[in-house]
Amino acid sequence: MATNGVASTNGKDRSRSPKKELKTDPSKLTEEDLQDGFSVQQIFTSTTTKSGYTYDDLICLPGHINFGVHDVSLTTRFTRKISLKTPIVSSPMDTVTESDMAIAMALEGGIGVIHTNLSIEAQAEQVARVKKFKAGFIIDPVCVPPTMTLQELEELKSKLGFTGFPVTAGGKMGQPLLGLVTKRDTDFVTNRNTRLSEIMTPVKNLVTVKEGIDLLKANNILQTSKKGKLPIVTESGLLVALVARTDIKKNVEFPNATKDPLNKELLVAAAIGTRPADRERVRALAAAYVDAVIIDSSQGDSVFQHEMIKWIKKEFPQIEVVAGNVVTKQQAKNLIECGADALRVGMGIGSICTTQEVCACGRAQASAVYNVAKLASVYGVPILADGGISSPGHIVKALCLGAEAVMCGSLLAGTEESPGEYFYADSGTRLKAYSGIASSGVRGAVQDKGSLHKYMPYLNQGVRHGMQDIGAKSVPDLIDKMVSEQLRFELRSSAAQREGGVHGLHSFERKLFA
């Protein structure tokens, strides 16, 4: 018998309506009634799915905003002892991080990792350049020899884009300063074969100062002398630095700079391997006062890395050790118990990485970050989400899953501070080469992103807005919300992923920042 469209079996009505009906009295709504989405624990520990997830598979649900975006703090940890004001680390790749990138990263509150595709001496010198840097001082000005002709100087000017050069005995830094040659010295000289020694302003007519002067005093001397450049020399007259009025005018304070609290030097890390020769590399890096080393391996859980970690912590306890790469909890546990101060998480997910394709090993990055971070948090060890980052949104998602910082390669390649020369595609787009050191010969190109000092604020502001939308005022607050299941997620279908990006346009141009 049927009654009002509801079938009856054994005298009981069986309704097609959900068992749990929606409450009609708003005063009786509970937190459970208002909860949307899923916790990260429900997504990654579900027994009904056997899939690994990437950042794009997930979307964070918004929380409640009761603070301004300027109130969001990005302070976080790089290692147990090293803190950052920006949760971004530049990758140790030869098309991403050398001293210029490491200096810029540290000034912007992150940290750079000098790549290991250098001789031991060259890598140590790169580290030393970062440690010697002082904002406003040019520590490696382009020098020219007195024998250079005016024609050669004009060619150098057109290549480098500036017009003033210190003249030293051999055309290199650290040699006796002989004079300066500027546009004023060359403007009315018609003979292009004239040597610089004939037209330069000799050192006896220059205003110079001794090394050790601070930037404020150097600035005052430039202003009172009305000079454009101020050479800094040793007692014996060797050129060690240069201060330019234009650089002081452009120089800004970097309140978020990653510095040693005692000597105020910028912090820098460097990559090493696990071969016996790398112990000599570590010794050279320690002599250059490196602050941390990253053991560079796609599969970090090896006896070779275990031995290297233990040796470094015994011989150089002042150096922080970032171990990896790992993607599983067992790998993480093994390296932490050897003494690792942080873990690098990711295997085969970088834009130019071929590990998963060639070796059939790796893990989807969101799954790797969550699972390793969960284990590492028990030991109080921070993790770096390495690879798969192509937008500020990916940075936010990595932090939401427990990472305390992200390591970026392609995201930072193409900036002015990355190694390499720009070139132009057939379309006229300005590019820089980008390659992975261990990526089976894969080489690519990335678009020009301008100066890191303009690009990093764009990335940081995107992360701040994302955290504000979620309702988290700091990185620890964000992780706490994830652990306490206040932070909610949903999985996205392929259609949802398309909908969440730019779509439905005939054509468009994406500008990172104005």
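Put simply, the side chain of Arg488 gets close to the backbone of Asp36: a donor and an acceptor are under 3.5 Å apart. In this structure a side-chain-to-backbone donor-acceptor pair under 3.5 Å is missing from Gln123 to Leu285. In this structure a side-chain-to-backbone donor-acceptor pair under 3.5 Å is missing from Glu404 to Val381. Side chain of Asn325 to main chain of Gly346: a donor-acceptor pair is present (N/O by atom type, distance under 3.5 Å, no hydrogens or angles). The backbone N or O of Leu452 sits nowhere less than 3.5 Å from a side-chain atom of Thr415 that would complete a donor-acceptor pair. Side-chain atoms of His394 come within 3.5 Å of backbone atoms of Gly388 as a donor-acceptor pair (strictly under, hydrogens ignored). Under a 3.5 Å cut-off, the side chain of Ser99 and the backbone N or O of Val130 do not form any donor-acceptor pair. Gln356 contributes a side-chain N or O that, together with a main-chain N or O of Met347, makes up a donor-acceptor pair within less than 3.5 Å. Side-chain atoms of Asp291 never come within 3.5 Å of backbone atoms of Ala269 as a donor-acceptor pair (strictly under, hydrogens ignored).
Considering every non-hydrogen atom in both Asp477 and Gly471, the closest pair reads OD2-O, 3.9 Å.
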Full working for side chain to side chain donor-acceptor pair (under 3.5 Å) between Asp301 and Gln305: CA-CA 7 Å; Asp301 187 16; Gln305 187 159 153; over 6 Å; no
Evaluation steps, side chain to side chain donor-acceptor pair (under 3.5 Å), between Asp25 and Ser27: CA-CA 5 Å; Asp25 184 351; Ser27 65; 2.7 Å; yes
Ser484 vs Gln486, side chain to side chain donor-acceptor pair (under 3.5 Å): CA-CA, chis, key distance, verdict: CA-CA 6 Å; Ser484 64; Gln486 297 176 62; 2.9 Å; yes
Pair Ile114-Val290, side-chain contact (heavy atoms from CB on, under 4.5 Å): steps then yes or no: CA-CA 10 Å; Ile114 306 293; Val290 76; over 6 Å; no
Side chain to side chain donor-acceptor pair (under 3.5 Å) between Gln331 and Gln299, worked out: CA-CA 9 Å; Gln331 287 179 301; Gln299 212 292 44; 3.0 Å; yes
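Judged as a side chain to side chain donor-acceptor pair (under 3.5 Å), and not counting sequence neighbours, Lys132 has no contacts. Taking Asp100 as the reference, Arg129 meet the salt bridge (charged side-chain N to carboxylate O under 4.0 Å, His left out) condition, with sequence neighbours excluded. Residues satisfying the side-chain contact (heavy atoms from CB on, under 4.5 Å) criterion with Glu265, sequence neighbours excluded, are Lys131, Asn263. For Thr75, the side-chain contact (heavy atoms from CB on, under 4.5 Å) partners are Ser73, Lys85, not counting sequence neighbours. Residues satisfying the side-chain contact (heavy atoms from CB on, under 4.5 Å) criterion with Ser493, sequence neighbours excluded, are Ala495, Ala496. Take Glu417 and apply the side chain to side chain donor-acceptor pair (under 3.5 Å) test, not counting sequence neighbours, and it matches Ser451. In this structure, the side-chain contact (heavy atoms from CB on, under 4.5 Å) partners of Ser427, at least two apart in sequence or on a different chain, are Ala425, Thr429.
Looking at Asp71 and Lys473, no side-chain N of the basic residue comes within less than 4.0 Å of a carboxylate O on the acidic one, giving no salt bridge.
Evaluation of the salt bridge (Lys or Arg N to Asp or Glu O under 4.0 Å) test over residues 387-396, restricted to residues two or more places apart or in two chains, returns none. Evaluation of the ring pair (Phe, Tyr, Trp, His ring centres under 6.0 Å) test over residues 330-350, restricted to residues two or more places apart or in two chains, returns none. Each ring pair (Phe, Tyr, Trp, His ring centres under 6.0 Å) pair with one or both residues in residues 325-383, not counting sequence neighbours, appears once here: Phe44-Tyr370. Residue pairs that meet the ring pair (Phe, Tyr, Trp, His ring centres under 6.0 Å) test with at least one member in residues 326-352, sequence neighbours left out, do not exist here. Sequence neighbours left out, not one pair with a member in residues 56-105 passes ring pair (Phe, Tyr, Trp, His ring centres under 6.0 Å).
For the atom pair CD1 of Ile111 and OG1 of Thr79, the computed distance is 8.0 Å after rounding to the nearest 0.5 Å. Asp296 CG to Arg344 CZ: the interatomic distance, rounded to the nearest 0.5 Å, is 4.5 Å. Rounded to the nearest 0.5 Å, atoms OG1 (Thr355) and CD1 (Ile349) are 9.5 Å apart.
The closest side-chain heavy-atom distance from Leu58 to Leu491 is below 4.5 Å. The shortest distance between side-chain heavy atoms of His306 and Leu335 falls below 4.5 Å. For the pair Arg464 and Pro392, the minimum side-chain heavy-atom distance is 4.5 Å or more. Residues Tyr289 and Val268 are not in side-chain contact: their nearest non-hydrogen atoms beyond the backbone lie 4.5 Å or more apart. The side-chain heavy atoms of Ile272 and Ile312, taken from C-beta on, include a pair separated by under 4.5 Å. In this structure, the side chains of Ser297 and Phe304 stay at 4.5 Å or more apart for every pair of heavy atoms. With contacts defined as side-chain heavy-atom distances shorter than 4.5 Å, the pair Val396/Ile470 qualifies. You'll find the side chain of Leu401 stays beyond 4.5 Å of the side chain of Met482, heavy atoms only.
At most 12 non-hydrogen atoms from other residues, nucleotides or ligands lie less than 6.0 angstrom from CD of Glu357. Atom NZ of Lys374 is surrounded by 12 or fewer heavy atoms from other residues, nucleotides or ligands within 6.0 Å.
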